[in-house]
Protein chains: 2
Amino acid sequence: MSTVPAFKRLPRAVREQQMLDAAVKVFSRRGFHAASMDEIAEDAGISKPMVYAYLGTKEELFVACLHREGTRMMQAIAGAAAPDLPADERLWRGLKAFFGFVGAYRDGWAVLYRQARGEQPFAGELATMRARLVEVVAGMLDHALRAEGREIAALDLEVVAYALVGATESLADWLADHPDADPEKTATRMMNVAWLGAAQLLHGVTWHPPAD
Amino acid sequence: MSTVPAFKRLPRAVREQQMLDAAVKVFSRRGFHAASMDEIAEDAGISKPMVYAYLGTKEELFVACLHREGTRMMQAIAGAAAPDLPADERLWRGLKAFFGFVGAYRDGWAVLYRQARGEQPFAGELATMRARLVEVVAGMLDHALRAEGREIAALDLEVVAYALVGATESLADWLADHPDADPEKTATRMMNVAWLGAAQLLHGVTWHPPAD
DNA sequence: GCGTAACCTTACGCACGAGTAGGTATGCTC
DNA sequence: GAGCATACCTACTCGTGCGTAAGGTTACGC
């Protein structure tokens, strides 16, 4: 009996995206564990076995979410920061793109990111992404340094980059929690903290602990 | 039949601490959800109902852990940074205490902190703690600013403080993942990033976005 | 030396949610 | 319009782990 099928049959690729959308939404609202596959399926307007058929287990589904959102973010940043610009310009554009992304996908990114930090199975996944970011930032600093004829130990550089990335993530959290805040303004603030400090370091100014 | 009671009966206060120790350990190793009350009880050398009798449900237990560790940390920091010192000295001592704490309680703090970020029921708890830290840092900056006859909008100050706290947490994570790293050296690195940038801001140097 | 209160146990109920078995409908190809 | 692949469903199984009921044992007051 075909009393108008309530909703159309859709090709796999489309349904997969719908499922991912729903998954991101539910995971971000509930957290990984509290989210149920049933709720995700319902939110996607589909039944549970379909989710398993297309995206696999809950963990695999979460990883798929991470990948999609992560790739989107990386592309947004990479597309903005051309490698032949001066360091401060690159940093500025990268930050602008980053905060723009977070502002646009508040739900998606910020909370997935927050989720992934805590859960062991995904921490590695996330660490890889962050490592790439740290590497980019460290490379930027190193490049700028060499241009000035200076050099810092690689480890120090990495730690500085790590701190900058951490500060940025922290402001991203702040941005995600303040829906009325302006992404670009946040990027400017970050520049003020990050670049002014980094610029000092690049010019050879350093701080030393007092003898006590 | 009293064939030597395997382990002594202990007063409540002692057992509670043992339980909290075990809970911190297990939560940090497994994560909140993956941790089971059975394992915590076993690790504490006690049976499960005792845990329920003394510390309540799993959530309440976790909150108790957060409180204990959080209080310890706050005390460590507060004890180090006397309010009548100059800003950079306070910042330095605060950071030293903070990283020292993280270094000493790697298990306890770092992972509890990482856990709490993700899980909704505790995010608020954590946010309160961080808010206190941000407030302290912001107050420090504000104090230093007034001493120089300057002023920045409160919101800007808060955001800067937020970024600094974020960078610090990020390095704390790094420290927790590098057991051979030296807490004090990490604190010095943080000082280099944070203070050099902040000092610039305090002296009225700011960065402005290029017109594009 | 006996009650009573606090400490501690074993052994279970029960809900929740991941994952699946097995079956139905729809469109596409020849 | 038969056959076949693909989209899709309802309705289950079953493990896991939180929280508890009911009862044993040790210390301590009187």
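First the proteins, then the strands, lettered A, B, ... as listed; each starts at 1.
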Need one value for [X]: base, sugar-phosphate or nothing, where a base atom within 4.0 Å counts as base even if backbone is also close, heavy atoms only.
X: B/Ala34; value: nothing
X: A/Met50; value: base
X: B/Ser47; value: base

When the distance from [atom1] of [X] to [atom2] of [N] is rounded to whole Å, what number comes out?
X: A/His33; N: C/dA18; atom1: NE2; atom2: P; value: 11 Å
X: A/Gln18; N: D/dA7; atom1: CD; atom2: C1'; value: 13 Å
X: A/Arg12; N: C/dT26; atom1: CZ; atom2: C1'; value: 18 Å
X: A/Lys48; N: C/dA18; atom1: NZ; atom2: P; value: 6 Å
X: A/Arg30; N: C/dC16; atom1: CZ; atom2: C1'; value: 14 Å
X: A/Arg9; N: C/dT24; atom1: CZ; atom2: P; value: 14 Å
X: A/Met37; N: D/dA11; atom1: CE; atom2: P; value: 20 Å
X: A/Tyr52; N: C/dA21; atom1: OH; atom2: C1'; value: 14 Å

Please identify each residue that fulfils side-chain contact (heavy atoms from CB on, under 4.5 Å) with B/Thr71, with sequence neighbours left out.
->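 Result, side-chain contact (heavy atoms from CB on, under 4.5 Å) vs B/Thr71: B/Gln75.
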
With sequence neighbours left out, what residues match A/Phe122 under side-chain contact (heavy atoms from CB on, under 4.5 Å)?
->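 Expected list: A/Phe32, A/Glu59, A/Phe62, A/Val63, A/Leu66, A/Ala116, A/Glu119.
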
OP1 or OP2 of D/dT6 less than 4.0 angstrom from a side-chain nitrogen or oxygen of A/Arg15, does that happen here?
->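 Checking D/dT6 against A/Arg15, no side-chain N or O comes under 4.0 Å of OP1 or OP2.
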
Candidates [options] - which lies nearest the side chain of [X]:
X: A/Tyr54; options: C/dG19, C/dT9, D/dA7; value: D/dA7
X: B/Asp38; options: D/dC9, C/dT20, D/dC18; value: D/dC18
X: B/Ile46; options: C/dG17, C/dT9, C/dG19; value: C/dT9

For A/Pro49 and B/Lys58, take the nucleotide of DNA chain D holding the closest heavy atom to each; which residue's nucleotide lies nearer the 5' end?
->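 This one resolves to A/Pro49.
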
B/Glu69 and B/Tyr105: side-chain donor and acceptor closer than 3.5 Å?
->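 Result is no, nothing qualifies.
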
Check ion pair B/Asp84-B/Arg90 (N to O, under 4.0 angstrom) |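 No salt bridge links B/Asp84 with B/Arg90.
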
Any B/Phe99 side-chain heavy atom under 4.5 Å of B/Thr168 side chain =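 Sidechains of B/Thr168 and B/Phe99: in contact.
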
